Amino acid sequence: MSETNPAAASEVAAPHRYTAAMAVDIEARWQDFWDAEGTYAAPNPKGDLAGDPAIVARPKKFIMDMFPYPSGAGLHVGHPLGYIATDVFARFQRMTGHNVLHTLGFDAFGLPAEQYAVQTGTHPRVSTESNIQNMKSQLRRLGLGHDRRRSFATIDPEYYKWTQWIFLQIFNSWYDTEADRARPIAELIAQFETGERAVPGADGTTRAWQELSGAERADVLGEYRLAYASDAPVNWCPGLGTVLANEEVTADGRSERGNFPVFKAKLRQWNMRITSYADRLLDDLTELDWPEAIKLQQRNWIGRSEGARVDFPVDGENITVFTTRPDTLFGATYMVLAPEHPLVDKFTPAAWPQSTHDVWTGGHATPTEAVAAYRAQAGAKSDVERQAEAKDKTGVFTGAFATNPVNGERLPVFIADYVLMGYGTGAIMAVPAGDQRDFDFARAFELPITCIVEPTDGRGTDTSTWENAFGSYDAKIINSSNDEVSLDGLPVAEAKARITEWLARKGIGQGTVNFRLRDWLFSRQRYWGEPFPIVYDEDGTARALPESMLPLELPEVEDYSPRTFDPDDANTSPETPLSRNADWVNVTLDLGDGPKKYRRETNTMPNWAGSCWYELRYLDPHNSEQLVDPEIERYWMGPREGQPHGGVDLYVGGAEHAVLHLLYARFWSKVLFDLGHISSAEPFHKLYNQGMIQAFVYRDSRGIAVPAAEVEERDGEYYYAGEKVSRLLGKMGKSLKNAVTPDEICAEYGADTLRLYEMAMGPLDVSRPWDTRAVVGQFRLLQRLWRNIVDEATGEITVTGAEPDEETLRALHKAIDGVRHDLDGLRFNTAIAKVTELNNHLTKSRGSLPRAIAEPLVLLVAPLAPHIAEELWRLLGHTESVVHQDFPVADPAYVVDESVTCVVQIRGKVKARLEVSPSISDEELEKVALADEKVVAALEGAGIRKVIVRAPKLVNIVPA
RNA sequence: GCCGGGUUGGCGGAAUGGCAGACGCUGAUGUCUCAAACACAUCUGUCCGAAAGGACGUGCGGGUUCGAAUCCCGCACCCGGCACCA
């Protein structure tokens, strides 16, 4: 503790001064009081949390944080920034006539908890629960007004019972594209049974539902279910020993967690058909009050692009490509398929066509050999390597030729890893003149380049002289006609429309919309996650457990560690920890058709599952019959004026969840909405991203971080143990030795000071560096506030019954007005500045502060520093908590000043200041301004060309 | 490369077309004190000046306007996101 810390100052002279010791005492007492009284309990309209109908009748506010992941490291001061902000806002809303739901749960399944458990040798449940307890006590110390009755952790079986239940809802539904919503799978089966919907068979044939075996029916339904298992190329991360969703793989092809290489591997995994919702996920963004940056990230992630599908015949098959530029069809000179494209095997001939170019064969004796070799080579590449080599195009000729449907030209068909199986159809027509990638490939493989747009940059139409592709949208199309259609001379948009129409008429293509978004890979080879409520019968058909068997609890096991591998070894495959427990895996169950033997699914759900719907469980956390009671859900989440899709009123959290949690949660909401379980089609109406609290990192000459708390500053240089160190702004954390914990700040100044400091540092959405030395400023504010109301020697309040003077009333009401607007707009920093200004003003009347000023002052402070406000409110003689008092309302008569300062400018430069009435007229003000001696002097007798008057604040004179 | 956000005193920041620097930190001086700390008071953008006062000033260059930190155009730098997506 530093000697200059006023919070630690001697108490001898002033036994009732607001010190750290007093703050700690006050805060502990009020925290106990709030817990005992249930001060923050928000009443539901019905059920076990029902309460005062008068409060239920108020407008509701559901104010939420992104719930924390309880790590072993504990909190640093950066973590609670958002929690404090939502708490201040929730308190303000409570004081302005709202029924406020504000609570906090814990997101506790997932990789980090499991890794921590493996490292420490404790079971993840043990370590996670102790972390939660630790975090709960750290958060309680901050005085957050949470309704603790509504808190839970995602690892509670009573919670994940419903996570599993939602999985079953998704598993047991399909997307009806005509109705544009999800429907129960039973309704699809009914359509198949009655013949209302044809049962699709292989190659476009149809079958009779009644003639199918159970396994065949399961296969058919698997093509429709919104949760389905499939064999597909997935992101396999040997270093973590699990597969990952696309959203969990970084741009450079590594795992977001652990930074290990990720490989493509074909594995049977569970997926969620989020792609069915691509359009709605995109369209509904419009109505949400979210930061534009986040909306944009979601739009980019969904990646809608309009174009056409076109069929290219090859050897009795059709290669279907997706293109956004069907207008360039005449420029296609070859085709490329993704190496793993299923058609490749069908048309690859036994021998190379005559006189096949050596560059094309890759030196292999047969096409089959060449294809196999290229596939092996491409498969062994991690995404990191693939992207690093992006400029050097590789590939191999398949030996087959396709026909360009617009001009009958023979196009050699290649496979190359620059075409991705997961996007579009996994096949492209290559137009080297217009696309840089195709151009690079064409040059590498000596393929022709046909010019189909008139270059506008003077390069000419001889493509042999080109150094790069020419893809301008503004150019004119040339060389693009056949007997039936001509695009020559048309601008791009028109050419697209004309050729698409022609393709459709000929039945060889159609306009289509393609999305970048892919289905969500939903299974992980982990122990610490929700088990799937799925078993397999002897045919290997997946069967859903009935609701009565939920929750399917994680078995207590000895060995929960994941099987990990050499991070660079692609020739590995995942092993699920749960599969090691034969007793648990092999069960005899009665699923309605008598006891039978089954094998349990041994994958677990990804850690996102629990956070996909937790806002709903806060509403009705103890309901054992339903996920959430519909009436309670409608009360807190339902659509209303300005919120057509309903949702949480304010959701605060970090921007890093832009396309992970926030997209998944929206998807689950929409499914539950479609199935009629909830009334809100969007989970979060208003989203706000708080900035990060940064901290200085000090490094010695070897680049190793040194303890920031022990660094000394001398003349702008920094020294640690006598050695000069460098300073950079970075993240706060243990590894960088610059973590400051809320516990130490609470001990040194109290939680109210910490809350004020975090809110006063700057705008909530901006990152800013922590500065422990500056915390004292907010402590001084509270100390002055205390001293303005309480006698430091006696502890008695010093307020008087006197009428406040006019000037003080104006200061008070201006502060009330400003603070109200600032709190409402989440501008906590300027709200605190206004409180400070008022409080500083009141130090003049210390010892005789009128009660009519002191009381609203305490109420103004209450959302920001609730403990000291409760204490002062009690000292002022009130017996009820300050939490439910009405926030002061400004009297407009006092919000305007008695006189205002008007500036008089000449050519925009201030030359004089006048004290005038706020109601002065333009004419009067102009007269006064022109008569002012300083103005007359500054004008030096020059004539006046123009006078701009903005009464009562400004006059600007333009001399002739 | 593409997209988004930003750049204001010694520091965090305020002002979103009308007094640049609210509020806080830091620093200086004074009052109180035996002394210090705390508290209180005054000052604290730069330059010139003893002062009064004046000039300059919101990343850089231009523009619009009676008036620009704020709007427009161009540039530099910083931060974030996306990227072989056909």
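Keep in mind that what you see is a predicted model, and the values were worked out from it rather than measured. By convention in this document, chain letters (A, B, ...) are assigned in the order of the sequence lines, proteins followed by strands, and residues within each chain are numbered from 1. The figures here come from the full heavy-atom set of this structure, side chains too, leaving out hydrogens, waters and symmetry mates.
In this structure, B:rU42 and B:rA28 make a Watson-Crick or G-U wobble pair, each of the two defining distances being under 3.5 angstrom. With a cut-off of 3.5 Å on both Watson-Crick or G-U wobble distances, the partner of B:rA50 is given as none. The pairing partner recorded for B:rG80 is B:rC3, the criterion being a Watson-Crick or G-U wobble arrangement whose two distances lie under 3.5 angstrom. In this structure B:rC23 sits in a base pair with B:rG12, meeting the Watson-Crick or G-U test at under 3.5 Å. Pair assignment for B:rG18 gives B:rC66, based on Watson-Crick or G-U wobble hydrogen-bonding distances that are each under 3.5 Å. Shown here, B:rG61 forms a base pair with B:rC73; the pair counts as Watson-Crick or G-U wobble because both key distances fall under 3.5 Å.
The distance from atom CG of A:Asn788 to atom CG of A:Asn840, rounded to the nearest 0.5 Å, is 8.5 Å.
Using a 4.0 Å heavy-atom cutoff across all strands shown, A:Asp417 reaches at least one base atom of the nucleic acid. Counting any heavy atom pair closer than 4.0 Å across all strands shown, A:Val835 reaches no nucleic acid atom. Nucleic acid contact class of A:Glu292 (heavy atoms, under 4.0 Å, all strands): none. Nucleic acid contact for A:Gln905: base, since at least one base atom lies under 4.0 Å from a heavy atom of the residue. Contacts of A:Asp438 with the nucleic acid, taken as non-hydrogen atoms under 4.0 Å apart, are absent. Contacts of A:Leu420 with the nucleic acid, taken as non-hydrogen atoms under 4.0 Å apart, include base atoms. No engagement by A:Asn300 is indicated, since no non-hydrogen atom pair under 4.0 Å with the nucleic acid exists.
Listed pair A:Lys946 / B:rC66 meets the phosphate criterion, a side-chain N or O lying under 4.0 Å from OP1 or OP2. For B:rG67, the OP1/OP2 oxygens have no side-chain nitrogen or oxygen of A:Arg950 closer than 4.0 Å. Contact between the side-chain N/O atoms of A:Arg827 and the OP1/OP2 oxygens of B:rA14 is not found at any separation under 4.0 Å. Considering only side-chain N and O atoms, A:Asn829 lies under 4.0 angstrom from the phosphate OP1 or OP2 of B:rA14. Listed pair A:Gln778 / B:rG24 fails the phosphate criterion, with no side-chain N or O lying under 4.0 Å from OP1 or OP2. Phosphate proximity of B:rC85 to A:Arg304: absent, as no side-chain N or O sits under 4.0 Å from OP1 or OP2. Taking only side-chain nitrogens and oxygens, A:Arg780 comes nearer than 4.0 Å to OP1 or OP2 of B:rU26.
The CH2-P distance, from A:Trp770 to B:rG24, rounds to 18 Å in whole Å. The interatomic distance linking A:Leu663 (CG) with B:rG81 (P) rounds to 17 Å, in whole Å. Atoms NZ (A:Lys834) and P (B:rA15) sit 7 Å apart, rounded to a whole Å. Straight-line distance from the CZ atom of A:Arg299 to the P atom of B:rG4: 12 Å, rounded to whole Å. Atom pair A:Tyr757:OH and B:rC23:C1' shows a separation of 13 Å (rounding to whole Å applied). Rounded to whole angstrom, the span from the CG atom of A:Asn840 across to the P atom of B:rU42 amounts to 10 Å. The distance between atom CD of A:Glu306 and atom C1' of B:rA86, rounded to the nearest whole Å, is 15 Å. Rounded to an integer number of Å, the gap from A:Ile294 CD1 to B:rG5 P is 13 Å.
Ring planes of A:His657 and A:His661: perpendicular class, angle over 60° (limits at 30 and 60°). Between A:Phe441 and A:Tyr418, the two ring planes are tilted [angle within 30° to 60°].
Its glycosidic angle being more than 90° from 0, B:rG81 falls on the anti side.
Comparing B:rG57 with B:rA69, their C1' atoms are spaced 11 Å from each other, to the whole Å. Here, B:rU64 and B:rG17 have their C1' atoms 12 Å apart, quoted to the whole Å. Annotation: B:rG74 and B:rA55 have their P atoms spaced 35 Å apart (nearest Å). Rounded to a whole angstrom, the distance from the C1' atom of B:rG67 to that of B:rA20 is 14 Å. Separating the P atom of B:rC71 from that of B:rA14 is a span of 15 Å, rounded to the nearest Å.
In this model, a side-chain donor or acceptor of A:Arg913 finds a partner on the base of B:rC19 within 3.5 Å. No hydrogens or angles were tested; on distance alone, a donor-acceptor pair under 3.5 Å links the side chain of A:Arg518 to the base of B:rC85.
Listed nucleotides B:rC56, B:rC19, B:rC66 differ in distance to A:Lys909; the shortest reach to its side chain belongs to B:rC56. For A:Arg784, taking side-chain heavy atoms from C-beta onward, the closest of the listed nucleotides B:rG67, B:rG24, B:rA15 is B:rG24. Each of B:rA86, B:rA39, B:rC84 was ranked by its minimum atom distance to the side chain of A:Thr323; first place goes to B:rA86. Of the candidate nucleotides B:rC82, B:rG18, B:rA39, B:rG18 has the atom lying nearest to any side-chain atom of A:Ile948. Residue A:Val910 has its side chain nearest to B:rA20 when only B:rA20, B:rA86, B:rG12 are considered. Which of B:rC25, B:rC82, B:rA15 sits closest to the side chain of A:Thr830 comes down to B:rA15. Distances were taken from every side-chain heavy atom of A:Arg787 (C-beta onward) to each of B:rC19, B:rC40, B:rA55; the shortest belongs to B:rC40. Taking the side chain of A:Glu837 as heavy atoms from C-beta on, and the options B:rC84, B:rA83, B:rA22, the nearest nucleotide is B:rA22. Listed nucleotides: B:rC23, B:rC3, B:rC85. Nearest to the side chain of A:Thr836: B:rC23. Taking every side-chain heavy atom of A:Asn956 into account, B:rG67 is the closest of B:rG67, B:rA14, B:rC25.
Mapping A:Leu954 and A:Leu296 onto RNA chain B by nearest heavy atom places A:Leu296 closer to the 5' end of the strand. Taking the nucleotide of RNA chain B with the nearest heavy atom to each of A:Lys844 and A:Val958, the more 5' of the two is matched to A:Lys844.
A salt bridge is absent between A:Asp932 and A:Lys934; no separation between the charged side-chain nitrogens and carboxylate oxygens falls under 4.0 Å. Salt bridge annotation for A:Glu792-A:Arg787: present, with a cationic side-chain nitrogen under 4.0 angstrom from a carboxylate oxygen. A salt bridge links A:Asp279 with A:Arg304: at least one charged nitrogen is closer than 4.0 Å to a carboxylate oxygen.
The minimum heavy-atom distance between A:Arg768 and A:Pro763, with the atom names listed, is NH2-O, 2.7 Å.
Under a cut-off of 6.0 angstrom, the local environment of NZ in A:Lys295 is crowded, with over 12 non-hydrogen atoms contributed by other residues, nucleotides or ligands. In this structure, A:Arg907 places its CZ atom where only 12 or fewer heavy-atom neighbours from other residues, nucleotides or ligands lie under 6.0 Å away.
When each of A:Arg437, A:Gln436, A:Arg443 is tested with A:Asp440 by the rule side-chain hydrogen bond (donor to acceptor under 3.5 Å, both in side chains), just one qualifies, namely A:Gln436.
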